[in-house]
Amino acid sequence: MSCNCRRCREHAQREEVITSPTKTVVNTRTKERVVKHIHPTEVINVNRTVIRNEHFFPVHEREVNEVVEENVDCGRDFNDNNRCRPFWDR
């Protein structure tokens, strides 16, 4: 029974209606199938021969004596060699 009196009508006018977003329900039905995979294999047997090549490098060694000569100009003072400079920089 619904009330149609003034008080009920005023109360009904003040009511708010809030609608929530639609809820989605997904029903999944799964079907199974079998797929057979065949992976063939080939086996190769290798017979290997290894040839070892040996290399030798004889070395002859000798010594050389070398002399390097420098000419410097040290000026007039025999006791002061701090002033020496290459001979060609005069």
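All values reported here derive from a predicted model rather than from experimental measurement.
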Determine, step by step, whether E32 and T30 satisfy the side-chain contact (heavy atoms from CB on, under 4.5 Å) criterion, reporting the C-alpha distance in whole Å, the side-chain angles of both residues, the deciding distance to 0.1 Å, and the verdict.
CA-CA 7 Å; E32 186 177 293; T30 302; 5.7 Å; no
Show your reasoning for whether side-chain contact (heavy atoms from CB on, under 4.5 Å) applies to V72 and C74.
CA-CA 6 Å; V72 291; C74 296; 4.0 Å; yes
Return the CD1 to CD distance between I44 and E42, rounded to the nearest 0.5 Å.
4.5 Å
Output the distance between atom CZ (R29) and atom NZ (K31), rounded to the nearest 0.5 Å.
13.5 Å
